[in-house]
Amino acid sequence: MHEMKRTATCGELDAAAAGTQVTLNGWVARIRDHGGITFLDLRDRYGLTQVVFDVSGEAQDALAAAVGGLKLEYCVAVQGTVRRRPPDMVNPELATGAIEVAGEQLVVLSTCATLPFMVSDQAGAHTEAREELRLKHRYLDLRSATMQRNLALRHHAAQAMREALNSCRFLEIETPTLMRSTPEGARDFVVPSRLNPGSFYALPQSPQILKQLLMLSGCDRYYQLARCYRDEDARGDRQPEFTQLDFEMTFVDQDDVLEVLEAAFAAAFRDGIGHELPLPFPRIPFHDAMNRYGSDRPDLRFELELRDFTELARAGDFGIFKKAAERGDTVKALRAPGLAGYSRRQVEELEEHAKTYGAAGLAWMKCGADGLESGVSRFYQAQQAEIYRALDAEPGDLLLLVAAPWRTACTALGAVRTELARREGLAAAGVFKPCFVTDFPLFAWNEEEQRWDAEHHMFSNPQAQYLDSLEQDPAAVRGELYDAVINGVELASGSIRIHDPALQRRVFAILGVSEEEAAQRFGFMLDAFRYGPPPHGGAAIGFDRTVMLMAGEATIRDVIAFPKNTWAASPMDNSPARLDTHQLAELHLQVRPTADS
RNA sequence: GGGGGCGUGGCGAAGGUGGUUAUCGCGCCGGCCUGUCAAGCCGGAGGCCGCGGGUUCAAGUCCCGUCGCUCCCGCCA
């Protein structure tokens with residue numbers, strides 16, 4: 001170790017330490033040079049301590065020179081005496097603000113080049129530099145108080161979730177990251193095999209099948225902080241590699257799994273940010289969530305519930321809506337309390353928003369003191385009283401309406417709902433409203449390919465009351481499927497699985513998966529399920545998103561140490577990168593030029 | 001695949017309708033200063049305005065193309 005090894009961190013000294021000799025190691029966060037006296041803010045993971053160098057005396061020339069040469073982000077060691085600050089110079093913003101260290105010796109452990117951007121030292125704030133630059137020099141970005149906090153928060157959340165599951169008899173078991181491509185929704189990341197020319201591993205999109213096999217193996221309860229890989233376009237809350245707290249349980253029903261989810265989230269929020277989530281989480285069936293909030297991941301921090309307007313539209317004179325209702329489409333209404341003052345421009349912006357979610361348009365009217373005004377109100381003069389009653393409308397409200405097939409109408413107006421909340425500041429920070437969304441449909445009709453897809457995945461159990469009518473009316477079948485949602489963010493998803501091979505065959509048949517295809521793609525699993533598979537179910541928690549939510553960040557990249565950008569690349573190490581011809585040859589690969597190169 | 005936003009010294013921003021020394025804050029370099037904590041004050045260096053082409057007497061500004069970043073739709077069971 002270097003000379004001047006630390007005896008204290010930069011975050012632990014307080015008035016009780018006054019008078020003691022200490023050595024601190026850390027980085028120069030700030031220098032305030034007043035001539036004869038210089039203040040140095042020394043930073044490490046634990047905090048910030050002010051060091052004072054009084055170099056006015058002639059005998060201090062050597063120290064003065066050393067202090068004068070300091071630059072931001074030099075790594076240094078300081079030895080000195082802790083002393084109380086004079087009362088009027090205490091800094092209440094700082095954990096160590098009651099004291100300062102009178103610096104007596106300074107050793108520069110290493111120097112620092114001119115910074116590409118300032119390391120942010122303000123809690124909750126990121127550096128001003130654009131994200132691309134932050135990612136290129138991620139090691140510097142991670143020095144900031146905010147990123148340090150995020151990494152620590154992530155650690156504590158992980159430990160809390162582990163403990164919560166440990167105390168429920170779960171075993172942490174690892175599964176391979178090199179495995180075969182399995183039938184899941186996303187594109188696979190693929191790894192060529194050197195020993196098996198032309199063959200490839202796939203990186204897991206989730207350990208789904210393997211954890212089910214662990215249940216068959218009698219492990220009873222399994223969990224894993226599993227890295228998952230999906231080759232799809234990124235988003236603020238989504239990047240190609242991410243972490244799930246994946247778990248699975250034997251001999252349980254849906255309520256048992258939901259309880260574990262509640263325990264895991266409660267522990268993470270408690271240990272991570274000291275927040276007590278209210279238990280149990282409210283449960284909202286999928287259809288209710290869509291009808292009331294226009295989303296299968298409702299943000300419950302604000303009301304703004306959607307209402308059905310279909311029958312009113314059928315009886316009204318607005319031709320477009322009338323025809324929609326008669327055609328079997330749904331008309332949804334959103335009452336925006338007190339927003340009748342919205343300008344035409346503002347409503348048009350909301351309409352544009354609705355259109356991106358598939359709405360043909362956004363109709364509107366205003367609730368005046370003497371009845372409905374503006375927009376499409378002239379078509380509904382005869383029904384004013386009925387409309388006020390049905391929507392609980394009051395003078396001063398703005399009414400927004402969408403007509404479309406049920407799901408589109410709900411989704412589009414639901415998007416308007418969250419956009420309104422954003423504009424009006426209704427979604428408060430620091431408030432967490434969890435819920436479970438349950439009773440998802442098992443199958444979704446794929447219009448393009450004219451067939452049924454699995455809404456969740458093809459191993460999810462249909463609810464018992466649909467077992468006799470599976471084939472007759474797939475659209476009506478609800479599964480033992482559930483999501484956990486907090487503040488409009490989907491944080492977990494799971495299901496009770498099919499453990500009866502005969503039922504599994506029926507589901508495959510509905511999905512159009514032939515026996516041969518099933519055998520070829522995941523025969524090992526079907527084979528395994530011949531050997532006494534137990535009833536089981538589980539879920540997976542989107543761990544990055546959970547931490548993002550707790551940290552109050554807008555993107556999961558801010559809670560991942562070394563994330564990828566939206567083009568799945570890392571500006572720091574320039575990955576992905578080309579392989580040299582030798583490596584390619586060894587892997588039996590040949591790179592074909594792209595059409596445009 | 002589609003749509004929106006952004007790209008100006010190391011960083012963040014300002015630069016109506018085109019007009020000649022491209023502005024400000026931070027950082028950097030030099031100087032002054034004994035109580036700051038976003039220290040202050042004085043001075044200085046540093047920019048082919050993402051790139052390519054076009055219009056024009058004249059382009060950071062207008063047009064076309066292109067690249068990069070970012071947000072959203074699609075996609076992501």
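Small disclaimer: the values here were computed from a predicted structure and weren't measured. Just so we're on the same page: letters track the sequence lines, and every chain starts at 1.
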Provide, to the nearest angstrom, the distance between the CZ atom belonging to A/Arg557 and the P atom belonging to B/rC69.
11 Å
NA contact type, A/Gly97, heavy-atom cut-off 4.0 Å: base, sugar-phosphate, or nothing?
nothing
Taking the inter-plane angle between the rings of A/Tyr139 and A/His137 on a 0 to 90° scale, is it parallel (under 30°), tilted (30 to 60°) or perpendicular (over 60°)?
perpendicular
Who does B/rC75 pair with, Watson-Crick or G-U, both distances under 3.5 Å?
none
When rounded to whole Å, the CG to C1' distance for the pair A/Leu442 and B/rA77 reads 11 Å
Return yes when atom NZ of A/Lys564 has more than 12 non-hydrogen atoms of other residues, nucleotides or ligands closer than 6.0 Å, and no otherwise.
yes
Opposite nucleotide pairing with B/rG18, Watson-Crick or G-U, both atom distances under 3.5 Å:
none
Write down the distance separating the C1' atoms in B/rA58 and B/rG3, rounded off to the nearest Å.
36 Å
Can you name the closest pair of heavy atoms from A/Ala226 and A/Asp246 and give their distance?
CB-CB, 4.5 Å
Can you check whether A/Gly11's main-chain N or O pairs, donor with acceptor, with A/Arg45's side chain at less than 3.5 Å?
no
Check RNA chain B against residues 125-139 of chain A and give the residues with a non-hydrogen atom under 4.0 Å, in numerical order.
A/Glu128, A/Ala129, A/Arg130, A/Glu131, A/Glu132, A/Leu133
If I pick the C1' atom on B/rC73 and the same atom on B/rC62, what distance separates them, to the nearest angstrom?
31 Å
What's the CD-C1' distance between A/Glu349 and B/rG4, to the nearest Å?
12 Å
Which whole number of Å gives the distance between the C1' atom of B/rC11 and that of B/rC67?
22 Å
How are the rings of A/His287 and A/Trp406 set relative to one another: parallel (under 30°), tilted (30 to 60°) or perpendicular (over 60°)?
parallel
Does the plane of the ring in A/Trp452 sit parallel, tilted or perpendicular to the ring in A/Trp445? Use 30° and 60° as the thresholds.
perpendicular
Nearest nucleotide by nearest heavy atom, which residue falls closer to the 5' end of RNA chain B, A/Gln244 or A/Thr356?
A/Thr356
Taking atom P of B/rA77 as reference, at what distance in whole Å does atom CG of A/Leu481 sit?
14 Å
Mind checking the P distance from B/rG30 to B/rC71? Whole angstroms is fine.
40 Å
What I want to check is whether the side chains of A/Gln50 and A/Asn91 have a donor and an acceptor closer together than 3.5 Å.
no
Given that both distances must come in under 3.5 Å, which nucleotide forms a Watson-Crick or G-U wobble pair with B/rG7?
B/rC67
How does each nucleotide of nucleotides 32-45 of chain B score, in 5' to 3' order, for protein heavy atoms under 4.0 Å: base (B), sugar-phosphate only (S), or none (-)?
-BBBBBSB------
Would you indicate, yes or no, if B/rC29 has its OP1 or OP2 atom less than 4.0 angstrom from a side-chain nitrogen or oxygen of A/Lys71?
yes
Considering only atom P, compute the distance from B/rG53 to B/rG12 and round it to an integer number of Å.
27 Å
Distance-only donor-acceptor check, side chains A/Gln244 and A/Ser206, under 3.5 Å:
no
Choosing from B/rG10, B/rA77, B/rC28, which nucleotide comes nearest the side chain of A/Pro116?
B/rG10
Taking the side chain of A/Met118 as heavy atoms from C-beta outward, which of B/rC28, B/rA77, B/rC26 is closest to it?
B/rC26
Base paired to B/rC32 (Watson-Crick or G-U; both N/O distances under 3.5 angstrom):
B/rG40
Evaluate the side-chain proximity of A/Leu106 to A/Val51: yes if any heavy-atom separation is below 4.5 Å, no if none is.
no
A/Asn574 atom CG is separated from B/rC69 atom P, nearest whole Å, by 11 Å
Roughly, in whole Å, what's the span from CG in A/Leu140 to P in B/rG10?
17 Å
If you go through the side-chain atoms of A/Arg230, does one of them form a donor-acceptor pair with the base of B/rC76 closer than 3.5 Å?
no
d(CG, A/Leu72; C1', B/rC29) in whole Å:
14 Å
Determine the interatomic distance between C1' on B/rC37 and the same-named atom on B/rG10; round to the nearest Å.
25 Å
With sequence neighbours left out, write down each residue that passes salt bridge (Lys or Arg N to Asp or Glu O under 4.0 Å) with A/Arg180, or none if nothing qualifies.
none
C1' atom, B/rG5 versus B/rG19: distance in rounded Å?
30 Å
Spacing of the C1' atoms in B/rG18 and B/rA13 (rounded, Å):
23 Å
Checking contacts here: which listed nucleotide (B/rC28, B/rC76, B/rC72) is nearest the side-chain heavy atoms of A/Tyr357?
B/rC72
Using only atom types and a distance under 3.5 Å, with no angle test, would you say the side chain of A/Arg297 pairs donor to acceptor with the backbone of A/Glu490?
no
Whole-Å distance separating the CD atom of A/Glu73 from the P atom of B/rC28
11 Å
We want to know whether A/Asn565 and A/Glu132 form a side-chain donor-acceptor pair, criterion being a heavy-atom distance below 3.5 angstrom.
no
Would you state whether a donor and an acceptor, one from the side chain of A/Ser206 and one from the base of B/rA77, lie under 3.5 Å apart?
yes
